Enquirer: 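Okay, here's the structure, questions in a sec.
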Number of protein chains: 2
Amino acid sequence: MLGVREQKKQQTRKAIIDAAIRLFTEKGFEQTSMSELARAAGVGKGTIYGYFKAKEEIFLAYCEAEIEFAFAALDRKLDEQAPLVDQLVAQTIGQITFVTSNREFGRIFAREMVFPGESSKLASRELDMRYLSKLGEVLGRSQQLGELPEDSDPLLLIAHLHAIYILVLSTFYRDDLTSLEDAEVLVRLLVLQVLYGPTALALATAEERQKWGNLKQQFLEQRELKL
Amino acid sequence: MLGVREQKKQQTRKAIIDAAIRLFTEKGFEQTSMSELARAAGVGKGTIYGYFKAKEEIFLAYCEAEIEFAFAALDRKLDEQAPLVDQLVAQTIGQITFVTSNREFGRIFAREMVFPGESSKLASRELDMRYLSKLGEVLGRSQQLGELPEDSDPLLLIAHLHAIYILVLSTFYRDDLTSLEDAEVLVRLLVLQVLYGPTALALATAEERQKWGNLKQQFLEQRELKL
DNA sequence: GGAGAAACTCGACCGCAGTCGACTTTCTCT
DNA sequence: AGAGAAAGTCGACTGCGGTCGAGTTTCTCC
């Protein structure tokens, strides 16, 4: 049986998160002040800091709910019978779609997840466990089906995939990529190479190679760069 | 001949950056307030915002000087005769060394470069041009020497390398990696795979594979994860 | 039951980044 | 040269995230 104290604490915590979900969704993260949040949650401003170390930490708690939902939706769409590459691309693009669906949220989220501050380190680690284990599952299934080379290292593979995910996310915030369609082409080519080696470009369709050619040119022109 | 106006502007700009270099180096970024900076530069606080959109932008200007220096030092150390993999690893690790040499600076820098805000987008693009063209050079030389497969795409390769760089940087800020030595092992394995396919692990030394095994175990234990 | 300790709550308060409009300097054009 | 426009300067001011210590509630133990 929970004491009065513990009960109230959970209640308060929930009130804060609920208020955060409402306000962040309504007005955005930056536009919601801690005083407002406190008022909406029916507590004093200082109280919030007994539950969260910083505003960013509330944001990550807020994200947990959203991510739970998004991942569940993604799971439903993911076809376990599809070729490995397709599954990995779908998962990656799905996440990118979700994260970038709100530009401001996505940037804060990405920053906290990829380069967390001392205060959000733990929360960020918790959050990406879900992601890691998801990739692990997909790869595990695939390994059993013999789709993966025997001698490849699953964790290194996950590292590559994670690296690709972060990179493509970054290209969005740097305006190097602007459409999800373009992102998918890039992700697919990179994943293909990671799975099957640098010559795996040949496995891509002509259309994909064509699109990549355009992307490439656009990128180089924008930077007045040559290779 | 420059007018009085333009002359003063450049003077003021220099004064601000000089003050920033001094103060940021002395006391750190967060610990330096804009008022202090203004006082040190001998201008009003508002004036600074006529030259820089935000504090972060001053930071990136500050970084430009530091990076110039660091890259030059790296260039001198880089052995153009060494095998491609070694050069790429050296370049990547060199950058990581530099960026993480001050934890706080590195985090802010990484955040602004990888997921720039609207105000620092341009500055960040400018900064990584140097990096991109550096990689381009190394790859170009190597391609001429025939070290690279004919049919691989240089820009895709750069994307992979950049992805690896960001990933490993991220692992530092997430406490998954703590020493540069570990980082080097990870970078080397990932680069090997990117250049020569997933089976390229065989090209690593026994010692490297051993170290990777330890890293792997440590990582999985920390997260109570299995693959 | 009650007293003292421990945990929790609160909003006034702090220093901050960034804004604004009154003021000064420089440019431009006759 | 000088007047009016344009550009640049300034620090008081705003609202922010986060702290703090006084006050309140809950727990603990006799």
Side-chain angles (χ1 to χ4, degrees), chain A residues 1-17 19-20 23-24 26-62 104-105 107-108 111-112 116-120 123, chain B residues 1-17 19-20 23-24 26-62 104-105 107-108 111-112 116-120 123:
Chain A
M1 152 92 192
L2 263 54
V4 178
R5 209 194 207 79
E6 196 58 29
Q7 222 169 308
K8 278 197 182 173
K9 263 178 72 174
Q10 293 192 11
Q11 233 173 288
T12 305
R13 202 186 149 76
K14 185 168 177 338
I16 295 171
I17 294 186
L23 290 180
F24 287 175
E26 267 173 28
K27 342 182 3 176
F29 178 72
E30 310 268 20
Q31 285 68 43
T32 301
S33 78
M34 292 301 274
S35 313
E36 267 181 293
L37 182 54
R39 216 179 313 123
V43 301
K45 188 153 77 134
T47 302
I48 298 184
Y49 288 87
Y51 292 83
F52 302 92
K53 285 202 204 79
K55 199 185 178 189
E56 277 73 24
E57 210 173 289
I58 307 178
F59 178 75
L60 289 182
Y62 158 83
E104 187 208 1
F105 281 0
R107 174 162 45 230
I108 301 167
R111 285 183 175 190
E112 291 297 323
E118 301 301 323
S119 65
S120 45
Chain B
M1 154 89 191
L2 263 53
V4 178
R5 210 194 206 77
E6 197 58 30
Q7 221 169 309
K8 277 196 182 173
K9 262 177 74 173
Q10 292 191 12
Q11 231 173 292
T12 305
R13 189 165 211 290
K14 184 167 178 339
I16 295 171
I17 293 186
L23 290 181
F24 287 174
E26 267 173 28
K27 342 183 1 177
F29 178 73
E30 310 268 21
Q31 284 68 42
T32 302
S33 78
M34 292 300 275
S35 313
E36 269 180 292
L37 182 54
R39 215 178 314 122
V43 301
K45 187 151 80 128
T47 301
I48 297 184
Y49 288 88
Y51 292 83
F52 302 92
K53 285 203 204 76
K55 199 185 179 189
E56 278 75 22
E57 210 173 290
I58 306 177
F59 178 75
L60 288 183
Y62 158 82
E104 187 208 0
F105 281 0
R107 175 162 44 230
I108 301 167
R111 285 183 174 189
E112 292 297 324
E118 301 301 323
S119 64
S120 44

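Every heavy atom of this structure was used, including side-chain atoms; hydrogens, water molecules and symmetry mates were not. None of the values given here were measured: they were computed from a predicted structure.
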Enquirer: How long is the span from the CG atom in B:Leu23 to the CE atom in B:Met34, to the nearest 0.5 Å?
Expert: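 Between B:Leu23 CG and B:Met34 CE, I get 11.5 Å after rounding to 0.5 Å.
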Enquirer: OP1 or OP2 of C:dC8 less than 4.0 angstrom from a side-chain nitrogen or oxygen of A:Thr12, does that happen here?
Expert: no
Enquirer: Within the 3.5 Å criterion, strictly below it, is a donor on A:Ser120 or A:Glu56 matched to an acceptor on the partner's side chain?
Expert: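 No donor-acceptor contact under 3.5 Å links the two side chains.
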Enquirer: Begin from the C-alpha positions of A:Ile17 and A:Phe52 and carry the test side-chain contact (heavy atoms from CB on, under 4.5 Å) through to its verdict.
Expert: CA-CA 10 Å; A:Ile17 294 186; A:Phe52 302 92; 3.9 Å; yes
Enquirer: Using a 4.0 Å heavy-atom cut-off, write out nucleotides 13-19 of chain C from 5' to 3' as B (base contacted by protein), S (sugar-phosphate only) or - (no contact).
Expert: ---SBBB
Enquirer: Would you tabulate the pairs of protein nitrogen or oxygen atoms and nucleotide nitrogen or oxygen atoms of nucleotides 1-5 of chain C closer than 3.5 angstrom?
Expert:
none

Enquirer: Tell me: CD of A:Gln10 to P of C:dT9, nearest whole Å?
Expert: 13 Å
Enquirer: I need the B:Ile48 CD1 to B:Leu37 CG distance, nearest 0.5 Å.
Expert: 4.0 Å
Enquirer: Would you say A:Glu112's side chain and A:Leu60's backbone share a donor-acceptor pair under 3.5 angstrom?
Expert: no
Enquirer: Would you please name every residue forming a ring-ring contact (aromatic ring centres under 6.0 Å, His included) with A:Phe24, sequence neighbours left out?
Expert: A:Phe29, A:Tyr62
Enquirer: Would you compute the distance between atom OG1 of A:Thr32 and atom CD of A:Glu26 and round it to the nearest 0.5 angstrom?
Expert: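 Result: 8.5 Å between the selected atoms.
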Enquirer: Pick base, sugar-phosphate or nothing for B:Tyr51, based on heavy-atom distances below 4.0 Å to the nucleic acid.
Expert: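 Sugar-phosphate, no base atom in range.
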Enquirer: Each nucleotide in nucleotides 22-30 of chain C should get exactly one letter: B, S or -. Can you fill that in based on protein heavy atoms under 4.0 Å?
Expert: ---SBS---
Enquirer: Working to the nearest 0.5 angstrom, can you tell me the gap between A:Lys14 NZ and A:Tyr51 OH?
Expert: 14.0 Å
Enquirer: Is the closest basic N to carboxylate O distance between A:Arg107 and B:Glu118 below 4.0 Å?
Expert: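 Judged by the 4.0 Å cut-off on N to carboxylate O distance, A:Arg107 and B:Glu118 do form a salt bridge.
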Enquirer: Please identify the 5'-most and 3'-most nucleotides of DNA chain D with any atom under 4.0 angstrom from a heavy atom of chain A.
Expert: D:dC16 to D:dC27
Enquirer: Listing request: all salt bridge (Lys or Arg N to Asp or Glu O under 4.0 Å) pairs with a residue in residues 32-44 of chain A, at least two apart in sequence or in separate chains.
Expert: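 Qualifying pairs: A:Lys27-A:Glu36.
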Enquirer: Any chance you could measure B:Thr12, atom OG1, to B:Gln7, atom CD, to the nearest 0.5 Å?
Expert: 11.0 Å
Enquirer: Would you compute the distance between atom OG1 of B:Thr47 and atom NZ of B:Lys9 and round it to the nearest 0.5 angstrom?
Expert: 12.5 Å
